[in-house]
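This structure is a prediction, so every number in the text was calculated from the model and none was measured.
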Amino acid sequence: MRVLGIDPGIAIMGFGFIDKTGHKLTPVQYGCIETKSGTSQELRLKQIYESVCSLLDEYKPDTVAVEKLFFNKNVTNAFSVGQARGVFMLAAAQRGLPIGEYTPMQVKQAVVGYGAAEKRQVQEMVKMLLKLSTVPKPDDVADALAVAICHAHSIVLNDRMNGVTR
């Protein structure tokens, strides 16, 4: 099963493709989509959409997962991130891909085993679980891989609860 994890953002959207075979997780491709500040919002969203579509068409995931938003003090930033997240979800839905959504706490719990884990702990576990030589940079990429790992582990449990076999 190929999983795509996304850490949504308007300036930097992290992505990570992993393959899950049995209990083994293998990184396939990871990186980020970057847009320049000062560019109009609609052009940034178009760039994200086109980049996501290219990635989905090239790497053909079986399922995708995205981090749920939580509102912080910067509401303007939250709206921009929400729009970028929506563009990603549209591209995935157009391809008929199932979409999993996870809170940051759920991702930390799945990757580290502790929902209040620090960012550095998550990054180190991503490195270890995927047998990478270094922690992926920028942080958004490691976060996207953590979302993919969370989904890869969670989808099996969710399928069992719903009587689905893969």
Side-chain angles (χ1 to χ4, degrees), residues 1-20 25-108 110-111 117 119-120 122-127 129-130 132 134-155:
M1 171 178 50
R2 179 158 293 171
V3 179
L4 167 60
I6 291 287
D7 180 43
I10 191 75
I12 301 174
M13 178 178 282
F15 67 86
F17 291 89
I18 63 171
D19 282 345
K20 183 176 189 323
L25 300 175
T26 307
V28 175
Q29 181 64 279
Y30 51 90
C32 61
I33 299 165
E34 296 183 68
T35 65
K36 293 184 180 181
S37 64
T39 305
S40 68
Q41 186 82 351
E42 63 272 14
L43 289 179
R44 291 175 98 176
L45 292 171
K46 180 179 182 279
Q47 181 185 347
I48 290 168
Y49 175 77
E50 290 171 348
S51 296
V52 166
C53 287
S54 293
L55 287 168
L56 291 172
D57 293 342
E58 181 175 352
Y59 293 100
K60 300 185 182 343
D62 299 302
T63 185
V64 301
V66 62
E67 193 170 81
K68 284 185 181 178
L69 291 182
F70 62 96
F71 283 92
N72 54 18
K73 294 178 184 175
N74 189 341
V75 176
T76 303
N77 186 49
F79 283 129
S80 293
V81 173
Q83 289 175 327
R85 186 177 181 274
V87 165
F88 163 75
M89 293 178 79
L90 170 64
Q94 286 176 327
R95 287 156 180 76
L97 294 169
I99 302 170
E101 300 178 75
Y102 301 93
T103 65
M105 183 179 283
Q106 288 172 311
V107 173
K108 291 173 182 179
V111 176
K119 185 176 272 296
R120 187 73 189 150
V122 175
Q123 293 170 343
E124 286 299 325
M125 283 303 294
V126 165
K127 176 184 160 191
L129 291 169
L130 297 178
L132 301 172
T134 61
V135 171
K137 295 289 180 192
D139 292 351
D140 311 78
V141 178
D143 292 346
L145 286 166
V147 171
I149 292 167
C150 174
H151 192 53
H153 291 313
S154 299
I155 198 166

* **side-chain hydrogen bond (donor to acceptor under 3.5 Å, both in side chains) contacts touching residues 90-100 (sequence neighbours left out)** => Y49-Q94, D57-R95

* Which atom pair, heavy atoms only, marks the closest approach of G16 to Y30? -> CA-CB, 3.9 Å

* Structure fact -> Nearest heavy-atom contact between A91 and C53 is CB-SG, 3.9 Å

* Can you sort out the partners of E34 under salt bridge (Lys or Arg N to Asp or Glu O under 4.0 Å), two or more places apart, ordered by chain and number? => none

* List the atom of C150, the atom of V107, and the distance in Å for their closest heavy-atom pair. => SG-CA, 4.0 Å

* If you round to the nearest 0.5 Å, how far is OG of S80 from CD1 of I10? -> 5.5 Å

* Interatomic distance, S51 atom OG to M13 atom CE [nearest 0.5 angstrom] -> 9.5 Å

* Straight-line distance of I33 CD1 to I48 CD1, nearest 0.5 Å -> 7.0 Å

* **CE on M1 to CG on L25, rounded to 0.5 Å** => 9.0 Å

* Could you tell me which residues satisfy ring-ring contact (aromatic ring centres under 6.0 Å, His included) with F88, sequence neighbours excluded, listed by chain and number? => none

* Asked: Any side-chain heavy-atom pair from E58 and Q29 closer than 4.5 angstrom?
  -> no

Could you pull out every donor-acceptor pair under 3.5 Å between side chains of residues 138-145 and any protein atom, sequence neighbours left out?
residue: D139; atom: OD1; partner: Q123; partner atom: NE2; Å: 2.9
residue: D143; atom: OD1; partner: K119; partner atom: NZ; Å: 3.4
residue: D143; atom: OD2; partner: K119; partner atom: NZ; Å: 2.8

* Min side-chain heavy-atom separation F15-V52 under 4.5 Å -> no

* Asked: Looking at R85 and P8, what are the two nearest heavy atoms and their distance?
  -> CB-CB, 3.9 Å

* **Set of side chain to side chain contact (heavy atoms under 4.5 Å, CB included) partners for L129, sequence neighbours left out** => V111, M125, I149

* To do: For the pair T103 (side chain) and K68 (backbone), establish whether a donor and an acceptor sit closer than 3.5 Å, ignoring hydrogens and angles.
  => no

* To do: With sequence neighbours left out, write down each residue that passes salt bridge (Lys or Arg N to Asp or Glu O under 4.0 Å) with K46, or none if nothing qualifies.
  => E50

* Evaluate the side chain to side chain contact (heavy atoms under 4.5 Å, CB included) criterion for residues T134 and K127: first the C-alpha distance (whole Å), next the side-chain angles of each, then the deciding distance (0.1 Å), finally the verdict. => CA-CA 6 Å; T134 61; K127 176 184 160 191; 5.6 Å; no

* Asked: So which of V66, L55, I99 actually passes side-chain contact (heavy atoms from CB on, under 4.5 Å) with I6?
  -> V66

* Asked: Which atom names give the shortest non-hydrogen contact between V122 and A146, and what distance separates them?
  -> CG1-CB, 3.8 Å

* **Interatomic spacing from CZ in R44 to NZ in K36 - rounded to 0.5 Å** => 11.0 Å

* In this structure, which one of R2, K20, H151 forms a side-chain hydrogen bond (donor to acceptor under 3.5 Å, both in side chains) with T63? -> H151

* Starting at CG of L4, measure out to CG of L56 and round the result to the nearest 0.5 Å. => 6.0 Å

